[in-house]
Amino acid sequence: MPAILIVDDDQGQRTVLQTILKREGYTIETAENGVDALEKIADNLFDVVVSDMRMAQMSGRELLHEIKSRDPDLPVLIVTAYAEVNDAVDLVAREGAFYYLEKPIQIDTLKKEISRAIEMRQGITDEESSDEIDVQEMYFDEIIGQSDSMRQLFKTMSRIIHRGANQVLITGNTGTGKGLVARAIHEYGRRKDKPFLQINCGAVHETLIESELFGHEKGAFTDAHRQKDGVFEAAKGGTVFLDEIGDLSPHTQSRLLHVLHEREIMRVGGVQRIKVDVCVLAATNKNLQTAVTEENFREDLFFRLNVIPLHMPDLRERSEDIGLLVDHFLQKFGQEYSDAEPKRVTPRAMSALRRYDWPGNVRQLENYLHRIFVLSENEVIDLEDLPPEISDSSLPPEDFPVEIPADGVALEEIVKEYIRVALTQTGGNQTKAAELLGISRRRLQNRMQNYGFSSRNFKD
């Protein structure tokens with residue numbers, strides 16, 4: 001029976017969580033502070049630790065550090081107040097926390113994340129062998145997200161990394177983070193101690209691209225005053241990242257196909273075949289299958305590159321991740337500008353950010369927040385601080401009334417009514433309803449389950 005340790009200096013909170021989780025069949029131990037928790041961890045085997053962020057004697061952050069130094073694989077869920085979300089995101093992104101839960105705790109979310117944490121601890125995740133770790137919730141540097149599409153991305157990245165795949169094609173629109181994924185695959189993989197060399201195939205002139213890729217001999221062309229190694233040779237057992245590979249000319253595509261097939265290169269102007277051992281990561285914002293049909297890209301090279309495909313979703317497809325990304329970027333800029341006051345985003349501004357279409361994806365979001373962080377004189381980022389094209393997206397939906405009786409009504413009933421109206425307006429579309437309400441799709445689903453709502457009941 002899985003064992004869970006609950007750490008909180010609030011006795012009432014400990015009791016509530018203990019009661020709820022015992023009903024789920026777990027063995028529960030509690031600790032009133034971090035020191036007590038560490039003593040119990042030393043004497044018992046736990047599958048999950050659920051810890052409050054702010055506690056006397058030892059904070060949740062300090063407890064996390066101690067746990068990870070003793071048992072790096074023990075999942076730790078952090079419970080945090082809204083004001084501490086930035087710190088919680090950092091704990092997940094950089095310091096190894098499994099997940100963070102915002103107060104008041106959504107019980108369904110707590111149960112789900114504990115279940116996933118136990119699966120990871122016990123090594124029984126889908127299709128994974130017992131010696132592989134699950135990184136569905138792993139944050140690879142600045143690749144942030146908890147949406148279903150990002151969890152699947154992290155899972156695929158995990159398999160690529162642990163199985164040592166040497167050929168990956170990363171697809172996705174501009175600004176989705178293809179370069180971050182490529183670097184993460186290298187830095188978490190077996191070749192991390194070797195070079196990571198990147199070349200933008202669309203930014204190098206056609207007459208020079210082969211020299212950049214494969215190198216050249218002295219005198220091979222007019223300006224070749226000395227021998228030069230290309231990226232395949234210079235990587236020396238590391239990783240070559242070919243960005244915008246869809247822009248390669250047909251002739252260079254042919255030479256690249258030979259390199260991938262034979263694992264050898266020949267410098268421009270040379271006659272010697274040189275063996276290379278590199279991981280080749282390629283990325284494109286083009287539809288290579290369409291390019292093959294239009295005869296702009298070699299079919300055999302496409303199949304050779306597409307051994308392991310990895311697709312980066314657009315930001316508009318994972319709007320529930322925007323809150324996490326905003327917190328992450330504001331904390332990042334706070335560290336860059338140490339003399340600046342920390343900033344936070346108001347709920348209505350966050351709602352506008354979630355509703356915006358983000359044609360430039362995560363890169364556009366980061367750039368906008370960077371500009372706002374530098375130019376805004378206020379600690380709070382509100383609707384008027386956002387560009388017009390974003391703030392306009394916060395216009396309230398038409399006919400969104402919730403009447404309050406004269407004798408008053410419970411706040412929970414108002415929330416329930418808002419959710420019912422939003423689902424009615426959107427015909428049961430959960431993504432659109434969540435955007436109307438300015439909350440994540442996951443939070444909407446949790447609320448719907450609490451209220452007994454089903455999407456099919458709102459369809460026309």
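We number each residue from 1, following the sequence as shown.
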Undergrad: Is any side-chain heavy atom of Asp243 less than 4.5 Å from a side-chain heavy atom of Gln198?
TA: yes
Undergrad: Closest heavy-atom contact between Ser147 and Arg318?
TA: OG-CB, 3.5 Å
Undergrad: Is there a donor-acceptor pair closer than 3.5 Å between any side-chain N or O of Arg191 and the backbone N or O of Ile185?
TA: no
Undergrad: Taking the side chain as everything from C-beta on, heavy atoms only, tell me whether Leu310 gets closer than 4.5 Å to Thr171.
TA: no
Undergrad: Which is it for Thr80 and Glu102 under the side chain to side chain donor-acceptor pair (under 3.5 Å) test, yes or no, and what are the steps along the way?
TA: CA-CA 5 Å; Thr80 178; Glu102 192 175 339; over 6 Å; no
Undergrad: Less than 4.5 Å apart, any side-chain heavy atom of Leu324 and any of Tyr100?
TA: yes
Undergrad: Please report the closest heavy-atom contact between Leu256 and Phe232, naming both atoms and the distance.
TA: CD1-CZ, 3.7 Å
Undergrad: Below 4.0 angstrom, N of the basic side chain to O of the carboxylate: do Glu366 and Lys332 qualify?
TA: yes
Undergrad: Begin with the C-alpha distance, continue with both residues' side-chain angles, and end with the deciding distance and a verdict on salt bridge (charged side-chain N to carboxylate O under 4.0 Å, His left out) for Asp52 and Lys103.
TA: CA-CA 10 Å; Asp52 193 28; Lys103 295 179 180 178; 3.2 Å; yes
Undergrad: Do the numbers put Arg151 on top of the ring of Phe154, so that NZ or CZ is under 6.0 Å from the six-membered ring centre and no more than 45° off the axis?
TA: no
Undergrad: Passes side chain to side chain contact (heavy atoms under 4.5 Å, CB included), Leu153 versus Met312? Steps please.
TA: CA-CA 8 Å; Leu153 174 75; Met312 296 295 298; 3.7 Å; yes
Undergrad: For the pair Ser376 (side chain) and Phe373 (backbone), establish whether a donor and an acceptor sit closer than 3.5 Å, ignoring hydrogens and angles.
TA: no
Undergrad: Ignoring hydrogens and angles, tell me if any N or O in the side chain of Asp8 forms a donor-acceptor pair with the backbone of Asp10 under 3.5 Å.
TA: yes
Undergrad: Rounded to the nearest 0.5 Å, what separation is found between the CG atom of Leu110 and the CG atom of Asn446?
TA: 10.5 Å
Undergrad: State, to 0.1 Å, how close Asp47 and Pro75 come at their nearest heavy-atom pair, and which atoms those are.
TA: O-CD, 3.1 Å
Undergrad: Just say parallel, tilted or perpendicular for the rings of Phe329 and Phe333, cut-offs at 30° and 60°.
TA: parallel
Undergrad: May I ask you to check whether over 12 heavy atoms, not counting those of Lys68, lie within 6.0 Å of atom NZ?
TA: yes
Undergrad: Could you tell me the separation between the CD atom of Glu39 and the CG atom of Asn44, rounded to the nearest 0.5 Å?
TA: 11.5 Å
Undergrad: What do the steps show when you test Tyr368 against Glu389 for side chain to side chain donor-acceptor pair (under 3.5 Å), and what is the final call?
TA: CA-CA 11 Å; Tyr368 274 13; Glu389 64 269 26; 2.6 Å; yes
Undergrad: Under the side chain to side chain contact (heavy atoms under 4.5 Å, CB included) rule, what do Val48 and Leu77 come out as? Steps first, then yes or no, please.
TA: CA-CA 8 Å; Val48 182; Leu77 282 70; 3.6 Å; yes
Undergrad: Do Gln167 side-chain atoms and Arg304 backbone N/O form a donor-acceptor pair below 3.5 Å?
TA: yes
Undergrad: Under the criterion side chain to side chain contact (heavy atoms under 4.5 Å, CB included), I'd like the reasoning laid out for Arg116 against Glu113: C-alpha separation, chi angles, the key distance, then a yes or no.
TA: CA-CA 5 Å; Arg116 286 198 320 102; Glu113 297 307 326; 2.7 Å; yes
Undergrad: Can you confirm whether Gln13 sits close enough to Ile105 that some side-chain heavy atom of one is under 4.5 Å from a side-chain heavy atom of the other?
TA: yes
Undergrad: Where is the tightest heavy-atom contact between Thr176 and Pro313, given as atom of each residue plus distance?
TA: CG2-O, 3.6 Å
Undergrad: So how far is it from Leu365 CG to Ile390 CD1, rounded to the nearest 0.5 Å?
TA: 7.5 Å
Undergrad: Output yes when a side-chain donor or acceptor of Asp385 lies under 3.5 Å from a complementary backbone atom of Asp382, and no otherwise.
TA: yes
Undergrad: Salt bridge between Glu29 and Arg14, side-chain N to carboxylate O under 4.0 Å?
TA: no
Undergrad: Determine the minimum heavy-atom distance between Lys40 and Phe46, stating which atoms define it.
TA: O-CE1, 3.5 Å
Undergrad: So does Arg344 pair up with Asp327, basic N to acidic O under 4.0 Å?
TA: no
Undergrad: Can you find a heavy atom in the side chain of Leu5 that is under 4.5 Å from one in the side chain of Thr30?
TA: no
Undergrad: With the threshold set at 4.0 Å, does a side-chain nitrogen-carboxylate oxygen contact exist between Lys111 and Glu24?
TA: yes
Undergrad: Quick one: does Lys178's side chain have a donor or acceptor within less than 3.5 Å of a partner on Glu244's backbone?
TA: no
Undergrad: Quick check: are there more than 12 heavy atoms from other residues, nucleotides or ligands sitting under 6.0 Å from CD of Gln11?
TA: no
Undergrad: Quick one, Asp247 and Lys286 - any side-chain contact, counting heavy atoms below 4.5 Å?
TA: yes
Undergrad: Could you state the interatomic distance from CD (Gln289) to CZ (Phe303), rounded to the nearest 0.5 Å?
TA: 7.5 Å
Undergrad: Are the side chain of Thr19 and the backbone of Thr15 linked by a donor-acceptor contact shorter than 3.5 Å?
TA: yes
Undergrad: How long is the straight-line distance from CD1 of Ile28 back to CG of Leu21, given to the nearest 0.5 Å?
TA: 4.5 Å
Undergrad: Heavy atoms, side chains only, cut-off 4.5 Å: are Glu66 and Arg70 in contact?
TA: yes
Undergrad: When you compare the side chain of Leu315 with that of Ile322, does any pair of heavy atoms fall below 4.5 Å?
TA: yes
Undergrad: So, does Asp314 use its side chain to make a donor-acceptor pair with the main chain of Glu317 at under 3.5 Å?
TA: no
Undergrad: Give a yes or no on whether the backbone of Ile67 and the side-chain of Asp71 come within a donor-acceptor separation of less than 3.5 Å.
TA: no
Undergrad: Decide side chain to side chain contact (heavy atoms under 4.5 Å, CB included) for Leu63 and Val76; before the verdict, give the C-alpha distance in whole Å, the side-chain angles of both, and the deciding distance to 0.1 Å.
TA: CA-CA 9 Å; Leu63 176 59; Val76 180; over 6 Å; no
Undergrad: Restricting to non-hydrogen atoms, name the atom on Pro195 and the atom on Ala234 that form the minimum distance, rounded to 0.1 Å.
TA: CG-O, 4.1 Å
Undergrad: Hey, could you give me the CZ/CG distance between Arg190 and Asn166, rounded to the nearest 0.5 Å?
TA: 9.0 Å
Undergrad: With a 3.5 Å distance limit and no angle check, can you tell me whether Ser319 reaches the backbone of Arg316 through a side-chain donor-acceptor pair?
TA: no
Undergrad: When you look at Asp277 and Lys236, which way does the salt bridge (charged side-chain N to carboxylate O under 4.0 Å, His left out) test go after all the steps?
TA: CA-CA 7 Å; Asp277 172 27; Lys236 300 184 185 304; over 6 Å; no
